[in-house]
Each structure stands twice: as structure tokens, then as C-alpha cells.
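We name chains A, B, ... by the order of the sequence lines, and we start the count at 1 in each one. Nothing here was measured: the structure is a model prediction, and the numbers come from that model. We use all heavy atoms of the structure for the numbers below, so side chains are in, but hydrogens, waters and symmetry mates are not.
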Number of protein chains: 2
Amino acid sequence: MGLQLTRGAEYAVRAMSYLARYPEGHVSSLHEIGEAQDIPESFLAKILQSLVRAGLTVSQRGAHGGFALARPAAEITMQQVIEAVDGPISVNQCVLSPEDCARSASCSVHEAWLRAQSQLMDVLGSITLESLAPEPAAVG
Amino acid sequence: MGLQLTRGAEYAVRAMSYLARYPEGHVSSLHEIGEAQDIPESFLAKILQSLVRAGLTVSQRGAHGGFALARPAAEITMQQVIEAVDGPISVNQCVLSPEDCARSASCSVHEAWLRAQSQLMDVLGSITLESLAPEPAAVG
DNA sequence: GGAGACCGGACAGAAAGGGTCTGGTTGGGA
DNA sequence: TCCCAACCAGACCCTTTCTGTCCGGTCTCC
């Protein structure tokens, strides 16, 4: 394997795409999301915490609590969701911290990594949750 | 972290870009490559084996042995090098084996992963070792 | 005030990453 | 011929990250 995102990020995207099917402000419980998307609940709990801390979702505590998107689905990208859970995306270390790369190779390779990185970011940054939700009303 | 290629793949690209600086057929020893590119030699040995098995490099055994590109540098892409070491690139599991994804979510998310995957492959598949080598003759 | 739900972090098993080592084979050169 | 330089193959090992679980705490609605 290698260049692959984590299960956590996968789950995060699925969970968010689930929330995006509902009208703005609609609250879904952890249990509900986990069941609908087939995600282990205790793991999902941790993931949703990250999303709350990143400001992508808001939570409602107490009875009838749960989670909702913090913004309209059209304003949340896959990139944001992934980075909230996995940390900054970088196809390799030398993109993230150029000081590692600088020494030996007069890195023309570095250029290549940057291009790949940039392309990837473009795609992930341009796909919003809105475009992921199947239909605004068709809820399973 | 998360979406990041392995150290092994990084090393592989560096090693290959080193070989690409020499005229076709020129043989460099493991030791030489490791030293020039600052890669642990015993690890590099393993990596080069993968590249040989993948048909990207050829090896010469015995005294004055070493490694050389199996084809002109213009005909070897970063994608090939990475996959030789890390295995097939797939931004997530559901791209590699769709049977996992099929069940629950009527996966509009799947579409998104495919797009990201495709973009990434386009970039990595279009960068050749030739374009990585600084100059045909400028060897350090 | 109690039940339902999120919060926060400690914990743990499994897998992958990153690298070393050893014994074997090949082949060139003295 | 014989030795040494170099690759070959794979077993092994340590560390980190992933992928979760669990539990005590806190909040809030009823």
C-alpha cells in the first residue's frame, strides 16, 4: 500500500455526506449516523470530535443532542474534512517540511512532488459536501 | 498524517533519478547510489530489488556490478516507480476493491474518490525520470 | 434529578513502516 | 583456480501509526 488515506478520514467523509442530506441545522445523533453509514460508534465519536474542533460541525449536548454541519454543505470541501481528521495532506514529507529535502539532491524531484500535491489539493478542495449528497430530500 | 507515500517510494524515486543522470546502460553500485542520495544502504538494497523485479532496472552481479535503468529515462514514470515499491496506488480502499464500498452508501462518494485518484495518476504518470534529471551531464 | 447524549483522554491489539542482518549466489580479475 | 566484490532473498526486529474500545465526566432536556 502506501499513498492512502486513513479509515478515519473515509468515515469522516461518509458521516459528513450523511449530514449533508438533511436541511441545514438538522441534528443527527452519533448512533444514527453510525448505524446508517455502518461505522463503529465509539470510533465515530472520536472522529466527530475532530470535526467539531475543526469547526466543520457543531454538536448539541444533552437529550436529543447530536451533530449538524456548521456551515452550508456547499461551503465544506473534502479537503477540509480529510485534514480535520488526518492532519495536513502532503504526498510526502519533503512537501510539508522543505528543510528535510534541501540538503543533498538539488531537488528537481521536489518540483514533481509539489505538482502532484497541488493537483490533488485542487480536486479535493473543489468537491463540496453538497456535490456528494445524492439528492437534497432522498434520505435512506 | 495519512495520505502520504512511504519512505521507500521516496528513496526509489531519488535512486532512479540518480540513475537517470547517466547515459543509458551505465551501471552504478548500490553503495554509490546510497551515498550520493543519502539513503541507508541495506534498505536501498531491498528497494532496488523491487525495482528489478518490476522490470524498471537491471542489475549486474559480481565485481563491478550494480544497477542501471532497464529503459530510457523518458519511458519510466514516477507512477511506475512508486507502484513498484508501494504497490498499487489507491487513495482509499474502496477505489481498489469496489466490493467493499458497494453495500451501504449509494456511493456518490465513490465517484469523488475516483476523480481524485484519476487526477493523481495523471500527474504521476506523466512525469518521467528524464524530466527529473537536472542535466544530462551534470553529475555530482 | 435522572436519563440521554456528547466530551476527553487513557488504553490496547494489530498492522504497517523503516530498517538490519545473515547466508547464498554470481562473476571478474589476479 | 580461487577469492572477493557485489547483488539476491528473505527472515527478523523495533517503532509508530491505525483502528478502535472504554470509562468517568459534563451538559441539557424533561
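- With D:dC7, D:dC29, D:dG20 as the candidates, the nucleotide lying closest to the side chain of B:Leu30 is D:dC7.
- Checked by atom type, the side-chain pair B:Ser90/A:Gln4 shows a donor-acceptor distance below 3.5 Å.
- The phosphate of D:dC8 (OP1 or OP2) has a side-chain N or O of B:Ser59 nearer than 4.0 angstrom.
- Going from atom CG of B:Leu44 over to atom P of C:dC21 covers 16 Å, rounded to whole Å.
- Residue B:Thr6 has no polar side-chain atom (N or O) positioned under 4.0 Å from OP1 or OP2 of C:dA16.
- Salt-bridge formation is not detected for the pair A:Glu111/A:Arg115: no Lys NZ or Arg NE/NH1/NH2 atom is positioned less than 4.0 Å from an Asp or Glu carboxylate oxygen.
- Look at A:Gln60 and you'll find a side-chain N or O under 4.0 angstrom from OP1 or OP2 of D:dC29.
- Under 3.5 Å, the side chain of A:Arg7 and the base of D:dT19 form no donor-acceptor pair of N or O atoms.
- Taking 4.0 angstrom as the limit, A:Tyr11 places a side-chain polar atom (N or O) nearer than this to OP1 or OP2 of D:dG20.
- In terms of polar N and O atoms assigned as donor or acceptor, the side chain of A:Arg61 never comes within less than 3.5 Å of the base of D:dT28 in a complementary pairing.
- If you check distances only, the side chain of A:Lys46 does reach the base of D:dG20 with a donor-acceptor pair under 3.5 Å.
- Within 4.0 Å (heavy atoms only), B:Ser42 reaches at least one base atom of the nucleic acid.
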